[in-house]
Amino acid sequence: MFSKRISGSIKKKGLLALILTVSMLVTFVLFYFPAIQEKIIKTYAEEQVSVFGESLSISITEAITKSNYQLLEKIFNRLKEDNHVKYVGIYDEKDKLIVQYPNSGIKMHIDQQYGLFYLKNYESYAYKIQVVDKDIKHGFIYILYSIEFYKQQARKDLYIFVGTAGILLLLGGLGFGILFGKTASNIIKLRNAAIIAGNGNLEVRIARDSNDEVGDLTDAFNKMMDDIKRINNDLEIEKKSVEAKVVAAVAELDNSYKFIHYVIDAIKIPIIAVDNNKLVTLYNSMAGSYVANTNSPGNKLFYDLFPDFLFVRDLLNKSMETKSFSNDTMMIQKEDGELKYFNVFIYPFESNTGNGAILMLDDITEKRNMEQLMIQAEKMTSVAGLAAGMAHEINNPLGTIVQGCQNIIRRTQDGLDNNTSAAEKAGITIEQLNSYLQEREVYHIVNTIKNAATKASEIVASMLHFSRTTGSKMVRYDICKLIDETIELAYNDYNLKKKYDFRIIELVRIYEDNIPELRITVTEIQQVIFNILQNAAQAMKMENDPVKKPKITIKVYRELEQVKIEVEDNGPGMSSKIMKRIFEPFYTTKDIGEGTGLGLSVSYMIVKNNHKGNITVTSIIKRGTTFTITLPIIGVKND
Amino acid sequence: MTDKNILILEDDPDTLFNLMAFFSDEGFGCQGAESAEEALAKVSDNKYDLAIVDINLPQMSGEDFIPAAALKNSKMKFIIHTGTNGFELSDALKSLNLTGDLVFKKPITEIDILVNKINELIN
């Protein structure tokens, strides 16, 4: 809109100025010129009338005084030839018309003074002249001299002038169109080019087609544009090179940043950087798992972001104050009673952007537990080494104890003829004997002996597993087949069958197709699966929920280079506190005599240590527990 | 009462005593031996339906006794009763049709299983 208003306005203005000038000129001529003209005409006419009148009056006076009527007629005839003369009358002293021209019979009433007057109505001059000869008044002559002819002439002049002015105006307009119009177009062209250039098009140039200042301006514009373009190109090249450098630098910075992140994320130890105000400036993905869900997302205060690490406060303060490296193994007890061990490293640093510290908080709980387990295992291995040799010697007396207990019970109860006859011999009845033994809880005592012997034999068996692991043979084996075999074993296991109703448990097997054979120690993995099945059965029996239908789901599936075995029950589940301790050696939730507390820790040893796999547990109270055994496929291929 | 005879080879006298007491009560004709040599001599003299054999013995082992006894009495059945954890059957024993379910580890806490197995074998 702006450009539209601008466009053509210069042309319009030029034309308007021209019209205005010509109009003023015409107006001036139309209004002022006729007035002057009239004045000139009148002056001229007055002079003509005076001269004419004077000569006429002389001639007439002469004709009258000499009564030369021939002359008078001659004068009057001559008057006819003069267009200006409208009327000439000769009157005597008593205003009586003597003769007049034209001889129309109209008598003019003349009441004016002698002399020259202008009669507007007639557009004529009236001239009253006294005819005097030798002081004798003969009368007067009255002349009407028209200036209409002059006026007509003047009007004709005016028309010519106006016509000429109109033609001039047209010619002027044309000239303007040719001269100024072109200049204006050139200026507009320049202006448009400037706008285009202003919008960023530096290619715009204007062809010079006039030799005036606008032409110079055009040249200057073109040169300016060339300069701008050249400078712009230079700038563009410079800019591109700078940009490329910046992009490269940013990419390098980005890569470095990413690399640093890859590196610190690759370190599976929580790493946190804090500044002098204990605001977190950086942390790796391991540390990310400790970030608390704070309500204020902007809060980056170390202890708010990582409340779990509040225990390092004193060490961090000391380390930052003294600007010295610190390392300590710290133990914390969580709310649920679980003990956690952290190996804490604090590296204070000074930099241009401020001081701070790098914290590394290595959760060594599992490592420590594993170490404990290994120490335990080592202890047990040494015991087991002994036990392996002595197992037979230990089992023999245990067998005697168990069998002895069984015999005591059988020989004090009804049902055997020998018992009856022996009682008769002693003068008592079996019933009396039974009653006595019940009363004194002897059966219970015998059972405790039997249970103790049973448990001792189980401990021996478990310890022997520790000793056997080193010498055990690893073979390729179909894990699904092994699970089926173990389930079969569990079905036939007396304890599972009798105590834990294993047969009423619904067993669902979901085996993925094409599970590769694994390199395992068959008896060990079987023991692990058996332990887990036994645990599940025990847990479900303990829950004793009449509504719930006990169910164990076993899933086998491949995940990358691993095979996962999931054993899921719908039993009572367990608290996280228990869950965290179930792999600890000698940890048991079962009644005394029910378990050794070694089953799952042995399983843990077998899977983690002997098979380089993993065993984890998840549990939801009243919903059930899932054990997941992960075994690597690696090593099988090269077998 | 049954007319079946079993031989119990067990070097520990206390264990032997208790086992004999138990199987006598079960109605079997029972004889015991504290060494393989003694037991082997008894196999020659008597006709046993079944032998309960301990493996770890002072001189001749149970593992050697079984093939020797089987030579003397091919109809005789064997139950292995050992204190050795994770005892595995040798090929020689396997060739005599001995299987894992015939191996009982000391101490036998659920003796009913053993009784059932014996009845299954000799009846």
Side-chain angles (χ1 to χ4, degrees), chain A residues 384 387-411 413 415-419 422 447 449-468 471-473 485 489 492-495 497-499 523-524 527 593, chain B residues 1-2 8-30 32 34-35 52-58 61-63 79-89 99-118 120:
Chain A
M390 294 179 13
H392 177 255
E393 296 348 293
I394 295 166
N395 282 335
N396 259 332
L398 288 177
T400 307
I401 293 167
V402 171
Q403 251 78 69
C405 291
Q406 281 168 345
N407 286 336
I408 289 168
I409 292 161
R410 275 165 66 101
R411 291 196 170 184
Q413 281 178 335
L416 292 176
D417 293 344
N418 287 344
N419 292 5
N447 269 326
I449 297 167
K450 193 183 148 198
N451 287 341
T454 306
K455 192 182 174 186
S457 80
E458 281 169 10
I459 290 169
V460 169
S462 298
M463 287 194 296
L464 287 175
H465 275 295
F466 284 97
S467 71
R468 273 203 302 137
S472 54
K473 244 177 34 190
E485 286 168 357
L489 202 73
N492 289 312
D493 184 81
Y494 186 83
N495 273 344
K497 204 159 65 180
K498 283 276 155 72
K499 284 194 197 160
T523 50
E524 286 183 355
Q527 191 195 349
Chain B
M1 289 295 271
T2 164
I8 302 170
L9 170 53
E10 173 59 66
D11 65 333
D12 180 63
D14 291 346
T15 306
L16 181 62
F17 172 79
N18 269 300
L19 283 172
M20 284 187 59
F22 179 81
F23 285 106
S24 299
D25 286 351
E26 282 291 313
F28 292 103
C30 278
E34 290 189 15
S35 74
I52 297 171
V53 183
D54 187 9
I55 296 296
N56 285 10
L57 296 165
S61 78
E63 273 181 301
I79 292 281
I80 292 169
H81 183 218
T82 178
T84 308
N85 290 70
F87 173 79
E88 278 171 26
L89 288 165
T99 49
D101 61 330
L102 300 175
V103 179
F104 287 80
K105 199 190 78 60
K106 291 177 187 174
I108 303 168
T109 49
E110 305 296 338
I111 202 152
D112 293 353
I113 299 169
L114 175 60
V115 174
N116 290 340
K117 183 57 78 179
I118 290 170
E120 189 187 299

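In what follows, chains carry the letters A, B, and so on, assigned in the order in which the sequence lines appear, proteins first and then strands, with residues in each chain numbered from 1.
Looking at Leu416(A), only its side chain comes within 4.5 Å of chain B, counting heavy atoms on both sides.
Few gaps surround CZ on Phe87(B); more than 12 heavy atoms of other groups in view lie less than 6.0 Å from it.
Note on Asn418(A), Asn419(A), Leu398(A): by heavy-atom pairs under 4.5 Å with chain B, the leading option is Leu398(A).
For Asp101(B), the salt bridge (charged side-chain N to carboxylate O under 4.0 Å, His left out) test picks out Lys117(B), with sequence neighbours left out. Residues satisfying the salt bridge (charged side-chain N to carboxylate O under 4.0 Å, His left out) criterion with Asp25(B), sequence neighbours excluded, are Arg411(A).
No side-chain donor-acceptor contact under 3.5 Å links Gln406(A) to the backbone of Glu110(B).
Exactly one of Asp54(B), Asp14(B), Asn56(B) qualifies for a side-chain contact (heavy atoms from CB on, under 4.5 Å) with Asn396(A). That residue is Asp54(B).
Atoms CG and CD1, from Asn407(A) and Ile111(B) in turn, are 7.5 Å apart once rounded to the nearest 0.5 Å. Taking CD1 from Ile394(A) and NZ from Lys106(B), the interatomic distance works out to 13.0 Å, rounded to the nearest 0.5 Å.
The shortest heavy-atom contact between Asn18(B) and Gln403(A) is CB-CB, 3.7 Å.
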